[in-house]
There are 2 protein chains.
Amino acid sequence: METTSTTSTASADSCAGPPRQPRRPDGQDKYTISEVVTLTGLTAHTLRWYERIGLMPHIDRSHTGQRRYRNRDLDWLDLVGKLRLTGMPVADMVRYAELVREGDHTYAERFDLLKSTRDDVLSRIAELQDTLAVLDRKINFYADAGQALASERAS
Amino acid sequence: METTSTTSTASADSCAGPPRQPRRPDGQDKYTISEVVTLTGLTAHTLRWYERIGLMPHIDRSHTGQRRYRNRDLDWLDLVGKLRLTGMPVADMVRYAELVREGDHTYAERFDLLKSTRDDVLSRIAELQDTLAVLDRKINFYADAGQALASERAS
DNA sequence: TAAAACCTTGGAGTGGGCTCCAAGCAAGCG
DNA sequence: CGCTTGCTTGGAGCCCACTCCAAGGTTTTA
């Protein structure tokens, strides 16, 4: 049976920011898929799917065919996770992965891709700050309205 | 035949930031669906779909049954657009719309909803800034690598 | 050694957010 | 009057990013 992800990505705890993934034990360079699940917060399904669609580099296998992830694979997954947060489509990440696989002569193209991604991120940040301003105006409105209702009740 | 959106949302022009939607003509308070399409950048399909799922307030109709949007509807669509950029699920926006329809006694709940949305936005901004740092490190790496290749070619 | 836990595969299914279609009504124009 | 253009509806279809299933092989624990 498949281990259904216990480390839920969106936890509802009140304080303390994002639910940090457990840190990698150091000195280790071989992880089973379930270890990667706990380290990345992805599901095993998703990890295998990433591999099928060409988003992963070649993953080592044990002599019986089970995946054995290495630290560089985890580094890659970290990057993928970051890019995912920017809303970059998986297809674009696959493109980047292909460039990496193709070797050093794709440096320029990778550079361009990263730069335009960077620009996207900057404009998304700007959009969000814009939205923040709108939310703050509305929040103030409701705060005032709440005040008004309270004093009305008091009088 | 349906007017296929001419105002493409994602234009590829180089400068000048986001493709500003045309400003509303002032003094007007009745718009056909196609006017709203050009004002918001949404498609007519999407506007009708928003209505079906309960994301819109009641929209006036002409004597023949055609939609006539008013300025307050456009204001609402602006808000929806902002919230969409934050990644808020449409279902949550529908919830907010319901609260608005239910009247003044939902002020407190709306306030809470906006505040938690605000928190989400803040943490998304933080995530993006994190990602930006990663991208910058990689970009510097590739810039250096490009330099190295160039000087290699020169020698 | 036997049971429980974990891993493998290809392919099918899901949910969100649109996107489109067909068939038909309505308005403006030459 | 006929043509073009625009609007109406319910329902079907699409794309993305997973998510799960069945059927079987492997590894670990007791």
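Throughout, protein chains are lettered first and strands after them, A, B, ... in sequence-line order, and every chain is numbered starting at 1.
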Length of the line joining A/I33:CD1 and C/dT9:P, which is rounded to integer Å: 8 Å

Whole-Å distance separating the CD atom of A/E51 from the P atom of D/dC18: 15 Å

Short side-chain N/O contact from A/R67 to OP1 or OP2 of C/dT9, under 4.0 Å: yes

Listed partners of A/R24 passing side-chain contact (heavy atoms from CB on, under 4.5 Å), at least two apart: A/Y31, A/L39, A/N71, A/L74, A/D75, A/D78

A/R48 side chain near C/dT9 phosphate (N/O to OP1/OP2, under 4.0 Å): no

Sequence neighbours excluded, every pair satisfying side-chain hydrogen bond (donor to acceptor under 3.5 Å, both in side chains) that has a member inside residues 111-122 of chain B: A/D136-B/R118

Pairs where residues 114-142 of chain B contributes a residue and the test ring-ring contact (aromatic ring centres under 6.0 Å, His included) is met, not counting sequence neighbours: A/Y107-B/Y142

Residues which pass side-chain contact (heavy atoms from CB on, under 4.5 Å) with B/Q66, listed by chain and number, not counting sequence neighbours: B/S62, B/T64, B/R68

Phosphate OP1/OP2 of C/dC7: any A/S34 side-chain N/O under 4.0 Å: yes

Shorter than 3.5 Å, N or O on both sides, protein versus nucleotides 27-30 of chain D: list them out with atom names.
| unit_1 | atom_1 | unit_2 | atom_2 | d |
| --- | --- | --- | --- | --- |
| D/dT27 | OP1 | A/T64 | OG1 | 2.6 |

Atom-to-atom span, CG of A/D92 to P of D/dC16 - whole angstrom: 11 Å

Straight-line distance of A/Y50 OH to A/T40 OG1, nearest 0.5 Å: 8.5 Å

B/I59 CD1 to D/dC7 C1', straight-line distance once rounded to whole Å: 15 Å

Strictly under 3.5 Å: I want the nitrogen or oxygen pairs between protein and nucleotides 11-15 of chain D, one per line.
| unit_1 | atom_1 | unit_2 | atom_2 | d |
| --- | --- | --- | --- | --- |
| D/dG11 | N7 | B/R52 | NH1 | 3.0 |
| D/dG11 | O6 | B/R52 | NH2 | 3.1 |

Side-chain N,O (A/Y50) to OP1/OP2 (D/dA17) below 4.0 Å: no

Residues in side-chain contact (heavy atoms from CB on, under 4.5 Å) contact with B/P89, at least two apart in sequence or another chain: B/D92

Nearest-angstrom distance from the residue atom NE2 of A/H45 to C1' of C/dA12: 13 Å

Sequence neighbours excluded - ring-ring contact (aromatic ring centres under 6.0 Å, His included) pairs with any residue from residues 56-75 of chain A: none

Salt bridge (charged side-chain N to carboxylate O under 4.0 Å, His left out) pairs, two or more places apart, involving residues 52-62 of chain A: A/E51-A/R61, A/D60-A/R70

